[in-house]
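Written below as structure tokens is the structure these notes are about.
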Amino acid sequence: MSRKPKKGYFVKGHFVAEGSELDQQLRAEETGGEPSRTELKKESTELQKVGEALLTLRSDLFERLDLPEGLVSALDQVRRITNFEGRRRQMQYVGKLMRQLDPEVLQSVRDALEEQHSGSAQQTLALHAAEKWRDDLIADDDALQSWLQSHPETDVQQLRALIRQARKDSAPTQDEISRGQAPRRGRAYREIFQLVREHLEEQDHE
């Protein structure tokens with residue numbers, strides 16, 4: 001099977017592939033070192049996406065940025081616009097304002113978005129850890145001993161009672177088996193998760 005030839009051009013008998021480092025150098029020389037229209041469009045699109053991400057930023061992180069009033073107002077307008085075309089045009093305007101930001105302010109925006117993303121990822125991992133402990137405690141007696149070794153301050157009687165109740169609640173009835181229904185999740189199931197989650201959070205803050 002023949003390979004698809006690369007796009008490019010010849011300069012003094014040498015083939016230059018589009019997008020290659022040599023291609024970028026030649027284009028930069030042609031424009032006197034100024035960014036090309038393609039590069040400017042790419043930067044504009046990227047900054048517009050950053051501006052759109054600002055709409056999802058937590059209020060405390062947003063206020064910390066101290067953005068120009070014009071950009072804040074433009075973002076408020078986007079939140080109020082429901083028409084697709086109107087919203088698209090407003091986001092283009094937001095992208096234009098984003099290009100006018102000082103590099104330091106723009107970096108602060110990226111840092112705030114990264115901080116929020118990292119926090120969300122950590123929260124998700126914490127929830128998964130609590131879910132796994134809950135499932136293990138209900139399914140396996142050995143898991144209780146492992147938990148108590150890591151969290152000796154746990155109220156053992158309370159946890160044992162919750163585990164017994166959760167197992168009792170989740171035991172399928174003959175009717176549920178015949179219908180192929182999933183096991184029930186009672187209050188004890190939720191309370192074990194809450195107990196485990198609280199202990200894990202306390203451990204993280206130590």
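Below, all heavy atoms of this structure are taken into account, side chains as well, without hydrogens, waters or symmetry copies. Positions are given from 1 along the sequence.
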Please indicate whether Glu114 has more than 12 foreign heavy atoms, meaning atoms of other residues, nucleotides or ligands, lying under 6.0 Å from its CD. yes
Can you tell me which residue pairs pass the ring pair (Phe, Tyr, Trp, His ring centres under 6.0 Å) test with a partner in residues 118-144, sequence neighbours excluded? Trp133-Trp147
Does any N or O in the side chain of Arg87 come within less than 3.5 Å of the main-chain N or O of Val78, such that one atom is a donor and the other an acceptor? yes
Separation between CD (Gln107) and CG (Asp102), nearest 0.5 Å, reads 13.0 Å
Take atom CZ of Arg88 as the centre, draw a 6.0 Å sphere, and report whether it contains more than 12 heavy atoms from other residues, nucleotides or ligands. yes
Quick check for you: to the nearest 0.5 Å, what is the distance between Leu71 atom CG and Tyr93 atom OH? 9.0 Å
Quick check against the 3.5 Å criterion: does Asp140 have a side-chain atom that pairs as donor or acceptor with the backbone of Asp142? yes
Taken to the nearest 0.5 Å, the spacing of Leu148 CG from Glu153 CD works out to 9.5 Å
Check for a donor-acceptor pair, side chain of Glu131 on one end and backbone N or O of Phe193 on the other, with a separation under 3.5 Å. no
Could you measure the distance from the NZ atom of Lys132 to the CG atom of Asp135? Nearest 0.5 Å is fine. 8.5 Å
Set out, in order, the CA-CA distance, both residues' side-chain angles and the distance that settles side-chain contact (heavy atoms from CB on, under 4.5 Å) for Met98 and Gln48, then state yes or no. CA-CA 7 Å; Met98 292 291 296; Gln48 188 172 316; over 6 Å; no
Same cluster for Ile81 and Leu54 if Ile/Leu/Val/Met/Phe/Trp/Tyr side chains link at under 4.5 Å? no
Taking atom types as modelled, is there a side-chain donor on Glu202 or His151 under 3.5 Å from an acceptor on the other? no
Can any side-chain N or O of Arg167 pair as donor or acceptor with the backbone N or O of Ile138 at less than 3.5 Å? yes
Report the C-alpha separation of Arg79 and Asp76 in whole Å, then their side-chain angles, then the decisive distance to 0.1 Å, and conclude whether the salt bridge (Lys or Arg N to Asp or Glu O under 4.0 Å) test is met. CA-CA 5 Å; Arg79 293 186 181 96; Asp76 286 339; 2.9 Å; yes
Would Arg164 and Lys168 count as a side-chain contact (heavy atoms from CB on, under 4.5 Å) if you check the C-alpha gap in whole Å, the side-chain angles of each, and the deciding distance to 0.1 Å? CA-CA 6 Å; Arg164 283 197 301 269; Lys168 183 179 178 182; over 6 Å; no
What's the separation between atom CG in Leu47 and atom CG in Leu106, rounded to the nearest 0.5 Å? 5.5 Å
List, one per line, each side-chain donor-acceptor pair under 3.5 Å for residues 61-70, sequence neighbours excluded.
unit_1, atom_1, unit_2, atom_2, d
Arg64, NH2, Glu115, OE1, 2.7

If you apply the rule side-chain contact (heavy atoms from CB on, under 4.5 Å), what do you find for Arg187 with Glu191, and how did you get there? CA-CA 6 Å; Arg187 188 176 68 178; Glu191 289 185 0; 3.3 Å; yes
May I ask you to decide if Met91's main-chain N or O and Glu52's side chain share a donor-acceptor pair within less than 3.5 Å? no
Ala166 and Ala188 have their tightest heavy-atom pair at N-CB, 3.7 Å
Given side chain to side chain donor-acceptor pair (under 3.5 Å), test Gln149 with Gln145 step by step and report yes or no. CA-CA 6 Å; Gln149 288 177 6; Gln145 297 307 316; 5.8 Å; no
Would you compute the distance between atom CD of Gln165 and atom CD1 of Ile192 and round it to the nearest 0.5 angstrom? 9.5 Å
Minimum heavy-atom distance Leu57-Ala112, with the two atoms named: CD1-O, 3.7 Å
If you take all heavy atoms of Gly51 and Val94, which pair is closest and at what distance? CA-CG1, 4.0 Å
Can you check side-chain contact (heavy atoms from CB on, under 4.5 Å) on Asp155 and Leu195, steps first, answer last? CA-CA 10 Å; Asp155 185 331; Leu195 182 151; 5.9 Å; no
If Ile, Leu, Val, Met, Phe, Trp and Tyr residues are connected whenever their side-chain heavy atoms lie under 4.5 Å apart, and connections chain through other members, are Leu127 and Leu200 in the same group? no
